[in-house]
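This report concerns only the one structure given below.
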Amino acid sequence: MAGSFALNTGASIPSVGLGTWQIKPEVVGDTIYAAVKAGYRHIDCAPAYSNETEVGLALKKLFEDGVAKREELFITSKLWSGNHAPEDVPEAIDTTLKDLQLDYLDLFLIHGPIRIRKGTTHIPENLIPTDIPATWGAMEKLYDSGKARAIGVSNFTCKKMEDLLAVARVPPAVNQVECHLIWQQAKLRELCQSRGVHLSAHSPLGEASVLRNPIVAAVAEKLQKTPAQVALRWDLQMGQSVLPRSGNEGRIKENFDILIVPQCTAMRNRLAWL
Ligand code: A2P
C-alpha cells in the first residue's frame, strides 16, 4: 500500500495524516510533535479548530529540532465560512500562514459549502447564500501566487462538486469529506475518481463509531489488527487518504501503522457487505 496518493497538481498527498479538530490548544503541540516523530507527514488544520497558533509553534520546534524539514511535510488548512467574500480570501490565508509560521500551504480547502456573515458565529441566523464561483476565483489566485500549492474543497456533495467543476479554471485537487465503512460515499468517490479529484477522509473512524461495528471487530481479530487499523485500511484500499484524529500517543502510532498490512481478498469481500 502506497504511502501517498497523486494529486492532479502533480504533487503527492501522504496516505495518513493527523486530524487536529477538537484537539485542545494546550495539547495539540505535543500531539503533533509525537505524530511527526512517529512518521506522520501530513497535518490537517483549520482556523475553525482554534488551535492553529499552537500548531505553528509545534511545527517551528520540529523544524528547529531537525525532526522534519518544511518540504517533507504536507500541511492543509481551510477557508472559514465567514471569509468567503473574494476580497477576504487573501487575508484569511495570510492569517493562517502567520499562525502556522509558514510561507505556503500544501493544500487550502474551502471548509464547506456554507457561508456566514463575516465575523459572526455558525448559527442559522448568520447564514447567507454562497457564491462558490466567486470564492473559487479567489482560491485560484492563491494557487497562482504559490501561497497554496493545491486548492480544494471540503464537505462538498456530488451536486456541489459538479457545479464547481463546471466553472473552475483550476480544478479542485481534493474533496475532504467524512468517509468510512459506515458512510462509504460511493457516488461521490466515483464522481471524484472520474474527474481526477482526490477524496480525503476526515473522521475516518466515524468519531470512533466504526470501531464498535461487529464485522470490523471480527475482521480485526482474524487479521490480528485493531479495529481502527481495519477501518483506516479500508479507506486506503478504496483510494482515499485518511485523517484520523487522536490525542493519545499510542493510538497515534497505531493509526499510522497500517501501510504494511498484506492485501487480503477475504477481508475486502467481507467489508463489501457493510
Ligand atoms: P482519542 O483522541 O482519545 O484517541 P475520527 O478520527 O473518526 O474523528 O475519530 C476520532 C475519535 O476516535 C477520537 O475520540 C479518538 O479518541 C478516537 N480514536 C482515534 N484513534 C483511535 C484508535 N486507534 N482506537 C480507538 N479510538 C481511537
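Whatever order the structure lists ligands and atoms in, that order sets their numbers, starting from 1.
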Ligand 1 contact on Thr226 by region, counting heavy-atom pairs under 4.0 Å = neither
ask   = How does Ala208 reach ligand 1, by side chain, by backbone, by both or by neither, if only non-hydrogen atoms under 4.0 Å count?
value = both
query = Judged by atom type as modelled, is there a donor-acceptor pair below 3.5 Å linking the side chain of Asn248 to the main-chain atoms of Gly250?
reply = yes
key: Reference residue Asp106; test side-chain hydrogen bond (donor to acceptor under 3.5 Å, both in side chains); the match among Arg41, Arg70, Arg149   = Arg70
task = Work out which heavy atom in Ser154 is nearest to a heavy atom in Pro113; give both atom names and the distance.
result = O-CD, 3.8 Å
task = Looking only at distances, please establish whether an N/O atom of ligand 1 is found under 3.5 Å from an N/O atom of Leu205.
result = yes
request  = Among all protein heavy atoms, pick out the one at the shortest distance from atom 9 (O) of ligand 1; state its residue, atom name and that distance to 0.1 Å.
outcome  = Glu207 CA, 3.4 Å
inquiry  = Check this for me, if you would: do Asp235 and Arg189 make a salt bridge, where the nitrogen-to-carboxylate-oxygen distance has to be below 4.0 angstrom?
reply    = no
Contact (N/O only, under 3.5 Å) between Arg245 and ligand 1 = yes
query = Any non-hydrogen protein atom below 4.0 Å of atom 14 (O) of ligand 1?
reply = no
query = To the nearest 0.1 Å, how far is atom 27 (C) of ligand 1 from its closest protein heavy atom, and which atom is that?
reply = Arg251 CD, 3.6 Å
key: Under-4.0 Å salt bridge between Arg169 and Asp144   = yes
key: N-O pairing of Lys78 and Asp44 below 4.0 Å   = yes
ask   = Short N/O distance, under 3.5 Å, between Gly206 and ligand 1?
value = yes
query = At a non-hydrogen distance cut-off of under 4.0 Å, which region of Pro204 contacts ligand 1 (side chain, backbone, both, or neither)?
reply = both
message = Could you see if Val36 belongs to whatever hydrophobic cluster contains Ile23? Use Ile, Leu, Val, Met, Phe, Trp, Tyr and a side-chain cutoff under 4.5 Å.
response = yes
key: Numbered atoms and elements of ligand 1 in range of Ala228, under 4.0 angstrom, heavy atoms   = 22 (C), 23 (N)
task = Measure from the ring center of Trp136 to the ring center of His84 and say whether it is less than 6.0 Å.
result = no
Min N/O separation Gly247 to ligand 1 under 3.5 Å = yes
key: Ion pair Lys98/Asp94, N-O distance below 4.0 Å   = no
note = atom 26 (N) of ligand 1 has as its nearest protein heavy atom Leu211 CD1, 3.5 Å
Where ligand 1 meets Pro244 - atom numbers and elements under 4.0 angstrom, heavy-atom basis = 6 (O)
inquiry  = Once you restrict to heavy atoms under 4.0 Å, what part of Asn255 touches ligand 1? Side chain, backbone, both or neither.
reply    = side chain
